[in-house]
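Chain identifiers are assigned alphabetically (A, B, ...) following the order of the sequence lines, protein sequences preceding nucleic acid strands; residue numbering begins at 1 within each chain.
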There are 2 protein chains.
Amino acid sequence: MALVAAAGPACVAVKPQLACFERLGFPGWVALEATVAHARDQGLLVIADAKRGDIAGSALAYQQAVFGGLETPHGASPGLGADAVTQNPLLGRDALAPFVAGARTAGAGVFVLVRTSNPGAADLFDVELATGGKLWELIAGLVAAAGTPGPISGLADVGAVCGATVPAHLARMRELMPCAPFLLPGIGAQGGAVADLAPAFAPGRAGGLVSASRSIANAHETAACAPAEAARAEAERLREQAWALG
Amino acid sequence: MALVAAAGPACVAVKPQLACFERLGFPGWVALEATVAHARDQGLLVIADAKRGDIAGSALAYQQAVFGGLETPHGASPGLGADAVTQNPLLGRDALAPFVAGARTAGAGVFVLVRTSNPGAADLFDVELATGGKLWELIAGLVAAAGTPGPISGLADVGAVCGATVPAHLARMRELMPCAPFLLPGIGAQGGAVADLAPAFAPGRAGGLVSASRSIANAHETAACAPAEAARAEAERLREQAWALG
């Protein structure tokens, strides 16, 4: 929460990684709910980095977990109340649909993994298909088809996680998904650079959402100032770089 | 827990679907921990149906959540203590590795999604690759390469989730993954039939793990007896069918 308070003013969203909370058991889930509430109190959007994906009935339950809206015999379960969730598309369109429907009801969004930022992403995302193109291009097509553009922003409610470690992909991604907001992990600790992200911002500043976690949280390790100050300075530096592109 | 008590004696494992607990927030996580403890007390294996998949650092945290073993400044966090977890392979080998390593340390196992049981599985798992074969066959190769066979059972510690709704796949799956235990969802409510699963049991009875949830939990809807009795009878019927094949 200290990190949210320090870096928050230079950010538009926080992206809690659910794994880091789940490994603490139910106290971790309590901490997750508190972190989400704190971020929303600060006026930040919350992207639940959950990378969930399951068959339709389970997908429905997962979207209830992140967005909320489950009625139980003991009253309504509020869910996390996230503004968006990351979603794994491997199980196909019928597994994606409940997340998109749940997001629409909640006025929220979904970011589908189109091509992640890790080295192993090449194993499956990058395989060449018999019909031409790579698997991630097929996924990008599903994302473009699933989203509905908003009336004011023109951006769709189904976005894409596009690893920033292979910037050469971004122009093609924007071609395949003209209206999708891009969530761009891999900046900083994973080696990606904001300067390479211009295609993501083609529809305007809100078209790209640069995600940097370790480079902000650990900024004090290389800075000559207090951790909170270092985190905020790094977040502001990244924002300036990104907005200079948009 | 009543269901575990009723059907447990006819089963070898329970497979809690984490989505159903997560949507209840932290009380749901408390209930999950209690359910896992109860199942283990009954001598049942626990397969955490989590379908997690993330880049290496997050994958490490997820495996700590399901298997345990995280040291914190406030003491060790026990984790769920599951015997196995379902794993989504889309992010590639470096995302799979922390789960396999964590499972080995815990004396547990991993079931990788090779081809799921839902209709939408055809969208990505079944796409034809430029090098020949389908995406699920490529995933099956990763699974076979990742596992190490146990000295007594001969079965590997990395298994495969193989949807039982397309039994025509099973013989090819067994060919590609000769030592992998197969977790076979899709029996019952999703339309799969135990009689079609013979290739899964090729290495012996333990080679196939038939997963039936709704058909056991909802057996009383079509039976002329109490819910507990109906659940147990359906579990016993499925077991007899499966063991007649092995």
(message) If I measure from the heavy atoms of chain B, does A/Pro185 come under 4.5 Å with its side chain, its backbone, both, or neither?
(response) neither

(message) Just so I understand: if I count every heavy-atom pair under 4.5 Å between each of B/Ala61, B/Pro78, B/Gly132, B/Ser77 and chain A, which residue has the most?
(response) B/Ala61

(request) Any chance you could measure A/Trp29, atom CH2, to B/Trp29, atom CH2, to the nearest 0.5 Å? (result) 6.0 Å

(request) Verify side-chain contact (heavy atoms from CB on, under 4.5 Å) between A/Gln17 and B/Asp54, making sure each step is shown before the conclusion. (result) CA-CA 10 Å; A/Gln17 168 51 256; B/Asp54 213 313; 3.3 Å; yes

(message) At a heavy-atom distance under 4.5 Å, which candidate from A/Val127, A/Leu24, A/Asn88 has the highest pair count against chain B?
(response) A/Asn88

(message) Can you tell me which portion of A/Thr72 sits under 4.5 Å from chain B's heavy atoms? Options are side chain, backbone, both or neither.
(response) side chain

(request) Report the option among A/Arg52, A/Lys51, A/Glu33, A/Gln190 that has the most heavy-atom pairs separated by less than 4.5 Å from atoms of chain B. (result) A/Arg52

(request) Heavy-atom distances under 4.5 Å only: say whether B/Gln63 touches chain A with side chain, backbone, both or neither. (result) neither

(message) Surrounding CZ of A/Arg172 (heavy atoms of other residues, nucleotides or ligands, distance under 6.0 Å), is the total greater than 12?
(response) yes

(request) Check each atom of B/Leu138 against the heavy atoms of chain A and say whether the ones under 4.5 Å are side chain, backbone, both or neither. (result) side chain

(message) Using a 6.0 Å cut-off, check whether atom CZ of A/Arg104 has over 12 heavy atoms from anything other than its own residue.
(response) yes

(message) How long is the straight-line distance from CD of B/Glu22 back to CD of A/Gln64, given to the nearest 0.5 Å?
(response) 12.0 Å

(request) Check for a donor-acceptor pair, side chain of B/Asp123 on one end and backbone N or O of A/Arg93 on the other, with a separation under 3.5 Å. (result) yes

(request) Name the region of B/Leu80, side chain, backbone, both or neither, that has any atom closer than 4.5 Å to a heavy atom of chain A. (result) neither

(message) Does any backbone or side-chain atom of B/Thr116 lie under 4.5 Å from a heavy atom of chain A? Answer side chain, backbone, both or neither.
(response) side chain

(message) Please report the interatomic distance OG(B/Ser58) to CG(A/Asp49), rounded to the nearest 0.5 Å.
(response) 6.5 Å

(message) Heavy-atom pairs under 4.5 Å with chain B: which of A/Ala122, A/Gly28, A/Pro89 has the most?
(response) A/Pro89

(request) Verify side-chain contact (heavy atoms from CB on, under 4.5 Å) between A/Leu18 and B/Tyr62, making sure each step is shown before the conclusion. (result) CA-CA 8 Å; A/Leu18 267 56; B/Tyr62 275 128; 3.9 Å; yes

(message) With chain A as the partner, which of B/Thr86, B/Leu90, B/Leu96 has the greatest number of non-hydrogen pairs under 4.5 Å?
(response) B/Leu90

(message) Tell me which one of A/Leu142, A/Leu91, A/Leu124 satisfies side chain to side chain contact (heavy atoms under 4.5 Å, CB included) with B/Leu124.
(response) A/Leu142

(message) Tell me if a side-chain donor or acceptor on A/Asp94 pairs with a main-chain N or O of B/Gly120 at a distance below 3.5 Å.
(response) yes

(message) How long is the straight-line distance from CG of B/Leu129 back to CG of A/Leu135, given to the nearest 0.5 Å?
(response) 8.0 Å

(message) Please classify the contact between A/Arg115 and chain B as side chain, backbone, both or neither, with a heavy-atom cut-off of under 4.5 Å.
(response) neither

(message) Counting only non-hydrogen atoms closer than 4.5 Å, does A/Leu70 touch chain B with its backbone (N, CA, C, O), its side chain (CB onward), both, or neither?
(response) side chain

(request) For each of B/Pro119, B/Cys20, B/Ala95, tally heavy-atom pairs with chain A at distances under 4.5 Å, and name the one with the top tally. (result) B/Pro119

